[in-house]
Amino acid sequence: RGRILYDFSGSLCEGYKLDFRQVSELDNGEGKVTLSDLRSSTWEDGAAKAYRFTSQNFLNQQLIETVDGRAERGQNAVKVTLSKPKDKSIDVETSIVFPTEHVRRVLDAVGEGKSVLEFPIYDGSETGEKVYHTLTIIGREIGPNDRVPDDAARDQQALAGMKRWPVTVSYFEKSKKAGEQIPVYAISFELYENGISRALMLDYNNFAISGELKTLEIKDSKPCP
């Protein structure tokens, strides 16, 4: 069991900021409980040309990993510069997308009637050197009066009358081997047309975690000048 805090703000002109925290209590069934606490903060350029990220991973209140870096999109590669866990520079493929850009592409695909998307994603996770290949499946539209939510989305006037879609994103290790691959993990959720999501499911193959939207505060957004 646990809790996720997701604080998202920004715009196309000023970029998008995300503060994220996930605290999980894991019980091995034999009385041993482990407390995991992941904290991260990111900023992504509105045109997806730059991305900054920092994260800390605590285990039983002890800091075990810190990642800090930035990525800048060039003509021939995306240059990643890390300062933590150690100074390092790497180049990743220009076809990668950043997290907010990924959501925007899913919403664009909905408007174009597409149901399958494939591309690599870079989000600065783990040691900041990981690129995942992803497969995104978009299900059939859920109308405003269909499967009415019973969580914090239910009484949100801003979501009333808004369509949403079931989305599953599977993350795969980058591999040169041909053939079928099993995803490292998959994330499923219902995505509203304004980018808000609910009904979270995290599938790690050996176990899965469901997330219920407990609270939702929609901020006032400022239009670009």
Trainee: Same hydrophobic cluster for L18 and W43, using side-chain heavy-atom links shorter than 4.5 Å among ILVMFWY?
Mentor: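 Each belongs to a different hydrophobic cluster.
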
Trainee: With salt bridge (charged side-chain N to carboxylate O under 4.0 Å, His left out) as the criterion, how do D19 and R21 come out once you've worked through the C-alpha distance, each side chain's angles and the decisive distance to 0.1 Å?
Mentor: CA-CA 7 Å; D19 291 318; R21 186 175 182 183; over 6 Å; no

Trainee: Do F189 and W165 make a side-chain contact, defined as non-hydrogen atoms from C-beta onward lying under 4.5 Å apart?
Mentor: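 No, every pair of side-chain atoms sits at 4.5 Å or beyond.
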
Trainee: Does the side chain of K214 reach to within under 4.5 Å of the side chain of D151, using non-hydrogen atoms?
Mentor: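 No, too far: nothing below the 4.5 Å cut-off.
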
Trainee: Could you tell me if the side chain of E173 sits less than 4.5 Å from the side chain of H133, heavy atoms only?
Mentor: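 Contact flag for H133/E173 side chains = no.
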
Trainee: Side-chain contact, heavy-atom cut-off 4.5 Å: D68 with P85?
Mentor: no

Trainee: Considering residues, nucleotides and ligands other than K84, do more than 12 of their heavy atoms fall under 6.0 Å from its NZ?
Mentor: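 Open.
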
Trainee: What distance do L12 atom CG and C224 atom SG have between them, rounded to the nearest 0.5 Å?
Mentor: 5.5 Å

Trainee: Are Y6 and V169 linked, directly or through other ILVMFWY residues, by side chains that come within less than 4.5 angstrom of each other?
Mentor: yes

Trainee: Taking atom CZ of R3 and atom CZ of R1, what is their separation to the nearest 0.5 Å?
Mentor: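 Reported value, rounded in 0.5 Å steps: 10.5 Å.
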
Trainee: How long is the straight-line distance from CZ of R105 back to CD1 of I121, given to the nearest 0.5 Å?
Mentor: 9.5 Å

Trainee: Which atom pair, heavy atoms only, marks the closest approach of P183 to N205?
Mentor: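 Taking every non-hydrogen atom into account, O-ND2, 2.8 Å.
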
Trainee: Return yes when atom CZ of R39 has more than 12 non-hydrogen atoms of other residues, nucleotides or ligands closer than 6.0 Å, and no otherwise.
Mentor: yes

Trainee: What's the spacing between S36 OG and N57 CG if we round to 0.5 Å?
Mentor: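 Interatomic distance, S36 OG to N57 CG, rounded to 0.5 Å: 5.5 Å.
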
Trainee: Same hydrophobic cluster for L38 and F207, using side-chain heavy-atom links shorter than 4.5 Å among ILVMFWY?
Mentor: yes

Trainee: What about L26 and L202, same hydrophobic cluster or not, with Ile/Leu/Val/Met/Phe/Trp/Tyr joined at side-chain heavy-atom distances under 4.5 Å?
Mentor: no

Trainee: Of all the heavy-atom pairs spanning R164 and G143, show the shortest one and how long it is.
Mentor: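 Minimum heavy-atom contact is NH1-O, 4.0 Å.
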
Trainee: Any idea which heavy atoms bring A208 and M201 closest together, and the distance?
Mentor: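 It is CB-SD, 4.0 Å.
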
Trainee: With clusters built from Ile, Leu, Val, Met, Phe, Trp and Tyr whose side-chain heavy atoms come within less than 4.5 Å, directly or transitively, what are the remaining members of the cluster of L213, listed by chain and number?
Mentor: L159, M162, Y192, I196, L216, I218

Trainee: Can you tell me how far apart CG (L5) and CD (Q22) are? Round to the nearest 0.5 Å.
Mentor: 11.0 Å

Trainee: What heavy-atom pair brings K114 and I138 nearest, and what distance separates the two atoms?
Mentor: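 The pair with the smallest heavy-atom distance is O-CD1, 3.8 Å.
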
Trainee: Going from OG1 on T134 to CG on L117, what distance comes out if it is rounded to the nearest 0.5 angstrom?
Mentor: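 It comes to 8.0 Å.
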
Trainee: Can you establish whether the number of heavy atoms outside E112 located under 6.0 Å from its atom CD is more than 12?
Mentor: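 Atom CD in E112 is crowded, with more than 12 foreign heavy atoms closer than 6.0 Å.
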
Trainee: Do V23 and L200 sit in one hydrophobic cluster, given that two such residues count as connected whenever their side-chain heavy atoms are within less than 4.5 Å of each other, even indirectly?
Mentor: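 Different hydrophobic clusters.
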
Trainee: Is the shortest heavy-atom distance from the side chain of S9 to the side chain of K219 under 4.5 Å?
Mentor: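 In short, these two side chains touch, coming nearer than 4.5 Å.
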
Trainee: Side-chain heavy atoms under 4.5 Å apart, restricted to Ile/Leu/Val/Met/Phe/Trp/Tyr: what other residues fall into the cluster of I137, or is it alone?
Mentor: V116, L135, F172

Trainee: Are any side-chain N or O atoms of D45 and backbone N or O atoms of G15, one a donor and one an acceptor, separated by less than 3.5 Å?
Mentor: no

Trainee: Taking the inter-plane angle between the rings of Y132 and Y185 on a 0 to 90° scale, is it parallel (under 30°), tilted (30 to 60°) or perpendicular (over 60°)?
Mentor: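 Because their plane-to-plane angle is over 60°, the rings of Y132 and Y185 count as perpendicular.
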
Trainee: Is there a side-chain contact between V97 and P120, using heavy atoms and a 4.5 Å cut-off?
Mentor: no

Trainee: Please assess K79 against E72 for the test salt bridge (charged side-chain N to carboxylate O under 4.0 Å, His left out), listing each intermediate value before the final yes or no.
Mentor: CA-CA 5 Å; K79 185 177 182 60; E72 296 181 355; over 6 Å; no

Trainee: Starting from V67, walk the hydrophobic network (Ile, Leu, Val, Met, Phe, Trp, Tyr; side-chain heavy atoms closer than 4.5 Å) and list everyone else you reach, by chain and number.
Mentor: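 Under the 4.5 Å side-chain rule, V67 groups with Y51, F53, V78, V80, L82, I90, V92, I96, F98, Y122, V131.
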
Trainee: Is there a donor-acceptor pair closer than 3.5 Å between any side-chain N or O of E44 and the backbone N or O of E101?
Mentor: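 Yes; judged by distance alone, with no hydrogens or angles, the pair exists.
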
Trainee: Is the number of heavy atoms from other residues, nucleotides or ligands under 6.0 Å of I182 CD1 greater than 12?
Mentor: no

Trainee: S40 and S55: side-chain donor and acceptor closer than 3.5 Å?
Mentor: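 S55 and S40 do not have a side-chain donor-acceptor pair below 3.5 Å.
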
Trainee: Side chains of H102 and T136 only: does a donor on one sit below 3.5 Å from an acceptor on the other?
Mentor: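 Per modelled atom types, H102 and T136 side chains form a pair under 3.5 Å.
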
Trainee: Are T168 and I187 close enough that some pair of their side-chain heavy atoms sits under 4.5 Å apart?
Mentor: no

Trainee: With R198 as reference, evaluate Q156, E190, E212 under the side chain to side chain donor-acceptor pair (under 3.5 Å) test and give the passing residue.
Mentor: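 The option that passes is E190.
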
Trainee: Do L191 and L107 make a side-chain contact, defined as non-hydrogen atoms from C-beta onward lying under 4.5 Å apart?
Mentor: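 Yes; the side chains approach each other to less than 4.5 Å.
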
